[in-house]
Number of protein chains: 2
Amino acid sequence: MKFSKATDYALHALVYMIHRDGDTVKIPVQDLSVALNVSTTYLSKVLTRIVKANYITSTSGAKGGYRLQQNWENVSVYDIVVAIDGVQTLFEDSFDHGSECRIQAAMMEAQENLISTLKNKKLKDLTV
Amino acid sequence: MKFSKATDYALHALVYMIHRDGDTVKIPVQDLSVALNVSTTYLSKVLTRIVKANYITSTSGAKGGYRLQQNWENVSVYDIVVAIDGVQTLFEDSFDHGSECRIQAAMMEAQENLISTLKNKKLKDLTV
DNA sequence: CCAATTAAAGATATTATAAGTCTATTATAT
DNA sequence: ATATAATAGACTTATAATATCTTTAATTGG
Ligand code: SF4
Ligand code: SF4
């Protein structure tokens, strides 16, 4: 019952990027690495997943870096969680007697709640 | 972002116990072990935590076993989660710039939601 | 008291996953 | 051509969950 550090890093990196002129500039991982105190290689690996998920873009080479997409305001915290950790099930039924099961149903309901809360939190809300 | 198998086992064991005459009988871990297909030693270790948390009682020796407390109907799923995994934070801020932080606030809100959903799910609801 | 039964405790082992590093490769600007 | 920067993949390390094994303590019934 815990989110990964990678998700934590990603959210912080994004917030940092937003504060640094939103989607208008490219920011090299070096900058982010210093700001968050996380190694460039690891952070780069994390951010690559956000690139793959299309919430930021990247350009290699000199003057390259990461840049937010124009629609960043609408990206939700849940989007980032999924981009990093994949779709997670809060509760992995070790037995699985089918969907009529009340334990599963209860856990599913809790999970749906959690997910919808996170879907309603947009990156914009983290930075106002 | 996942609950432990131990919690899964505990919930299933409790549901099994409820179905077997509620709080009127003592059930040895052997029975539960067979029902859930989990080793007696591990299941015993898990249930010991539920005993410590006072949601069931145990008696050693012949004719011993685990028995639900009379108030079992009011025990929530969250109570069991805490008994097994302890109080968990869904999101461990790697940086922690204080409580005014929006990332933390967003995650906390999601967490509160999740917890309150689980608090509202009573064991009784799992067995009706 | 004795034998059988059952939970608890503690040490240890196993497995799984996350976190992190390192090196090589590819892409870009000047 | 050179410096810069992301990507990929192999690899290591750290951490926690899962599980087993063995010993001890408690309880029953003869
Ligand atoms: S939770 Fe319900 S369905 Fe899943 S194993 Fe337990 S009883 Fe079966
Ligand atoms: S989440 Fe907010 S408080 Fe926590 S580290 Fe990031 S900026 Fe600081």
Side-chain angles (χ1 to χ4, degrees), chain A residues 1-10 12-13 17 25-34 36-68 81 83-95, chain B residues 1-10 12-13 17 25-34 36-68 81 83-95:
Chain A
M1 185 176 165
K2 192 157 287 226
F3 291 102
S4 65
K5 279 193 172 191
T7 296
D8 190 19
Y9 296 158
H12 280 86
M17 290 171 80
V25 289
K26 280 179 275 189
I27 302 180
V29 76
Q30 174 64 23
D31 289 20
L32 297 162
S33 164
V34 169
L36 305 191
N37 196 35
V38 175
S39 78
T40 55
T41 45
Y42 189 54
L43 192 54
S44 171
K45 168 163 290 187
V46 169
L47 290 179
T48 298
R49 300 222 212 176
I50 307 293
V51 172
K52 290 252 174 67
N54 241 287
Y55 302 124
I56 60 179
T57 58
S58 67
T59 45
S60 296
K63 308 276 176 182
Y66 296 99
R67 171 153 51 184
L68 291 161
V81 169
I84 300 292
D85 292 331
V87 175
Q88 294 280 340
T89 42
L90 207 49
F91 188 75
E92 196 86 48
D93 196 315
S94 307
F95 313 100
Chain B
M1 185 176 163
K2 191 156 287 223
F3 290 101
S4 66
K5 280 194 174 191
T7 295
D8 190 19
Y9 295 160
H12 279 85
M17 290 170 80
V25 290
K26 281 178 276 189
I27 302 179
V29 76
Q30 174 64 24
D31 288 22
L32 297 162
S33 165
V34 169
L36 304 191
N37 196 34
V38 176
S39 79
T40 55
T41 45
Y42 189 54
L43 193 53
S44 170
K45 170 161 289 187
V46 169
L47 291 180
T48 297
R49 301 223 211 175
I50 307 293
V51 172
K52 290 252 175 65
N54 240 289
Y55 302 124
I56 61 179
T57 58
S58 67
T59 44
S60 296
K63 308 277 174 182
Y66 296 99
R67 171 154 50 185
L68 292 161
V81 169
I84 300 292
D85 292 330
V87 174
Q88 295 280 339
T89 42
L90 207 48
F91 188 74
E92 197 87 48
D93 195 316
S94 307
F95 313 99

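What you are looking at is a predicted structure, and each value in this text was computed from that prediction instead of being measured. Naming: A, B, ... by sequence-line order, numbering from 1 per chain. Below, each value reflects all heavy atoms present in this structure, side chains not excepted, and no hydrogens, waters or symmetry copies.
The distance from atom CD1 of A:I56 to atom P of D:dT7 is 8 Å, rounded to the nearest whole Å. B:K5 places its NZ atom 11 Å from the P atom of D:dT20, with the value rounded to the nearest Å. Between the P atom of D:dT7 and the CG atom of A:L47 lies a distance of 8 Å, rounded to the nearest Å. As a whole-Å value, the separation of B:F91 CZ from C:dA18 C1' is 16 Å. Separating the CG atom of B:D31 from the C1' atom of C:dA7 is a distance of 14 Å, rounded to the nearest angstrom. If you measure from atom OH of A:Y42 to atom P of D:dA14, you get 15 Å, rounded to the nearest angstrom. When rounded to the nearest whole Å, the span between NZ of A:K45 and P of D:dA10 equals 10 Å.
Between D:dA5, D:dT7, C:dT21, one nucleotide has an atom nearer to the side chain of A:S39 than all others, and that is C:dT21. Checked against C:dA29, C:dA7, D:dT27, the side chain of B:A62 finds its nearest nucleotide in D:dT27.
Scanning atom types as modelled, no donor and acceptor separated by under 3.5 angstrom connect the side chain of B:K26 and the base of C:dT6.
If you check every strand for non-hydrogen atoms under 4.0 Å, B:V29 touches sugar and phosphate atoms only. Residue contacts shown for A:S58 are limited to sugar-phosphate atoms, with no base heavy atom under 4.0 Å away.
Residue B:T48 places at least one side-chain N or O closer than 4.0 Å to OP1 or OP2 of C:dA8.
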